[in-house]
Amino acid sequence: MTLLDLSEDEVVEIRSLPADANMARRMSSLGLFAGRRIRFVKAAPFAGPLLVEDQATGARLMIARAMAGEVEVTRGRTPKP
Amino acid sequence: MAARRSPDELVVALTGQPNCGKSTLFNAVAGFRVDTGNFAGTTVSYAETALRFEGRDIRLIDLPGIYSISSFDPAERVARDFLLSGEVDVVVNVVDASILSRSLELTLQLIEMKIPMVLCLNMMDEAQHKGVLIDLERLATLAGVPARSTVAVLGTGIDAVFAAATKMSRTAYQPRDPCYDRDVEDCIAGILARYPEALRQALPVPERFVTLRLLEMDQEFERRASQVDAEFVRSVQQDRRRLATLHGWPESGVLASHRHALVLDLYEQVATHHRGAIAGMREKIDRIITNPVGGLLTVVLSLLLTFSLAFFLGDLVAKLVDQPFAALRTAIQALPPSLAVALLSGLVEGVVAGAGIVLPYLVPLLLLLAVYEDAGLLPRIAFMVDGLLHRVGLHGKSVVPLSLGFGCNVPAIMATRNLENPRDRLITMLVIPFVTCSARSVVILALAGKYLGGMTAAALYLFGLGVAMAVSFAVSRSKQHKALGLIMEVPPLRRPYPTIVMKKVWLRLREFIVVAWPVILVSSVLLSAASYVGIDRPVNAALSPLTTTVLRLPEVTGIALFLGVFRKELALVMLATALGTTEFDLVLSQSQILVLVIFTMLYIPCIATLAALFKEGGLKTCFTSAALNFGVAVLLAGAVAQVARFFA
Ligand SMILES: Nc1nc2c(ncn2[C@@H]2O[C@H](COP(=O)(O)OP(=O)(O)O)[C@@H](O)[C@H]2O)c(=O)[nH]1
């Protein structure tokens, strides 16, 4: 399941980031990394980006669809690695 | 960048993640004397100012906002290299306290650089609203750097930050290195033990820092270190792979994952949570704005408000500005003609032109934009229109520069600085000159509005917008891109503070006054002199192939178009002089007027815009832009002229 498969207001946990190292690094420096819980707020019109909220800080980020499709998430909690 | 004024001047650099309030803090102390520029050979910009604090000279440099110090983003690379250059005495790390647990990631990386540092926890009011309580002293002890709290919008706490900064010194600075897991630390120790002397010489940067960069798969550092000792770099790569398999992380994320854990741990030790009171109202407004209907309505309404304010109110003010000068103009015209009088009249025209753009059109536009920006409305608009802009190769962040372009292209070009990706910045810079600025609106209104009707004028305006989008589409197709994809912070909705807004307006206005106005003044004077001497004949003859053959206009329009390069609305005045009448429809057919308007709208960025393009993007961007505009203008206006032939 990726970020693209969520419905509004759903809270999920990130399992893995995009394979591209730079993309993953940028995301993780913005607070999105494996184990982090986020809420899918909504998607922008015209196939625009997604708005997600980092549950730890309350910070909101908009993410392009192409990028979001590469972020694996899970509904349940995974055990801490 | 300016050199140190004296040996004991303290060079302080502000660093922090975007939106942490860095520039608000900078502007609060910078007053009105700010210099901006680009780092040599890049389009990454900085701002700097000189100030005195408790008898000490300080040079304060505002570095671009960065999320981390990795190498893949030009801004990050440039900021990091500048910090490591040895030119900086003290780093002030500005941090958004309301999202502390994320912001500390950069802080740990900065600590590893071993440059004397002060931690500045900004947005303490926001943190409080959220119910986050931060133990500053504990944070300072655990991180090993002094920590101060500020509310930059109110100006509170800033003095204490500088007081702490002036007390820092390189020799006495002993930060605590963030301590990673046992196996990571063992690995680091092993690498440090065999750290090559040659590398130490070649890279005058703390060894532990270089080691960490290599473990983090930083391509730039790998490249630099490989040039010195490729064998060593290979051995570090092996260590890195070993760590990655051991922990089951991707190779590039080994250190990052450990750092996340460190930060979380640090955060939990210094912060306590209470129930925040903030969410309710903001959340409600936010929901309306980011809802498709409410959002698009917000976008349309705010654009409408901006343009109506700029144009209807602006028009009124423009007339008021013009009045006192009208008398002066008549007085000058009454003087017996001489070169001196010509120069004087050129000067007056230059002043009038500047004032006629600044006060009426630019100020309202800048004002509203600053309010939207500070209220957090712009990122939401960017969110809503990003999908649309993407189709033409732009993205959400281009919204600010492009809307500024409707007032004046010069500050719009300057505002492209907020685009961190060089490719996006270049595309936006090339599109801006196609945005119909207020000077060109004057031409549209005066020519098309008067002789072709209001509907045609409006249609031409839309046509201009369409051309800009088409150009953007074409340019973005031609520019290869390694898309990183957009990921952008959407800061919470906030109340804008009038003083902060005014400062922002002033700083942008200053760019117009410093960059554009002098160019306008000088060219006005030169033009006046030239027309006094009589350059119109040779210019008309030289441009004749373009004007008469391609555009099918009278030859005398050559001089007007030529002068329009200096100031678009000047083309209008010169046209009247050249044609010997202000009733253009007596000498031009309707289709000729249409061709003239289209050509004037597009044919070249005015000279002030070219100067701005040169300053921000370099000579190549400047030429590309001029060529692009000229090509498109000849193509479109020429096509209209040739088609009109068959209907004549
Ligand atoms: N509430 C609050 N808002 C702040 C504070 N400092 C800055 N801001 C606001 O935060 C936003 C981002 O600030 P800015 O200086 O542009 O951030 P930069 O990207 O780091 O330069 C602006 O709307 C500021 O008015 C603060 O201490 N408290």
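Excluded from the calculations below are hydrogen atoms, water molecules and symmetry mates; all remaining heavy atoms, backbone and side chain alike, are included.
At a 4.5 Å heavy-atom cutoff, the contact between B:Ser98 and chain A is made by backbone atoms alone. With a threshold of 4.5 angstrom between heavy atoms, A:Ala43 approaches chain B through N, CA, C or O but not through any side-chain atom. At a 4.5 Å heavy-atom cutoff, the contact between B:Asp286 and chain A is made by side-chain atoms alone. With a threshold of 4.5 angstrom between heavy atoms, B:Glu489 approaches chain A through its backbone and through its side chain. At a 4.5 Å heavy-atom cutoff, the contact between B:Gln17 and chain A is made by side-chain atoms alone. In this structure, the portion of A:Leu32 lying under 4.5 Å from any heavy atom of chain B is its side chain and not its backbone. Using a 4.5 Å cut-off between heavy atoms, B:Pro379 touches chain A through its backbone atoms (N, CA, C, O) alone. Of the atoms belonging to A:Ala21, heavy atoms from both backbone and side chain fall under 4.5 Å from chain B. Only the side chain of B:Arg391 comes within less than 4.5 Å of a heavy atom in chain A; its backbone stays farther off.
Between chain B and the options A:Ala56, A:Ser28, A:Ala34, the largest number of non-hydrogen pairs under 4.5 Å is found for A:Ser28. Of the listed residues (A:Leu30, A:Asp54, A:Ile63), the one with the most heavy-atom contacts under 4.5 Å to chain B is A:Leu30. Each of B:Met217, B:Gln109, B:Glu251 has some count of heavy-atom pairs under 4.5 Å with chain A, and the biggest count is that of B:Met217.
Here the side chains of B:Val132 and B:Tyr267 are in contact, with some heavy-atom distance below 4.5 Å. With a 4.5 Å cut-off on side-chain heavy atoms, B:Pro18 and B:Tyr67 count as touching.
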List the steps, then state whether salt bridge (Lys or Arg N to Asp or Glu O under 4.0 Å) holds for B:Glu76 with A:Arg25. CA-CA 12 Å; B:Glu76 296 182 344; A:Arg25 217 171 285 173; over 6 Å; no
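A donor-acceptor pair is defined here as one N or O able to donate and one able to accept, closer than 3.5 Å; such a pair exists between the side chain of A:Arg65 and the backbone of A:Gly48. In this structure, the side chain of B:Asp181 does not engage the main chain of B:Asp183 through any donor-acceptor pair within 3.5 Å.
Considering all non-hydrogen atoms of both residues, B:Phe383 and A:Lys42 come closest at CZ-O, 3.8 Å. Contact between B:Asp96 and B:Asn19 at its shortest, heavy atoms only, is OD2-O, 4.3 Å.
Using a 3.5 Å distance cut-off with no hydrogens or angles, the side chains of B:Thr107 and B:Asn93 do pair a donor with an acceptor.
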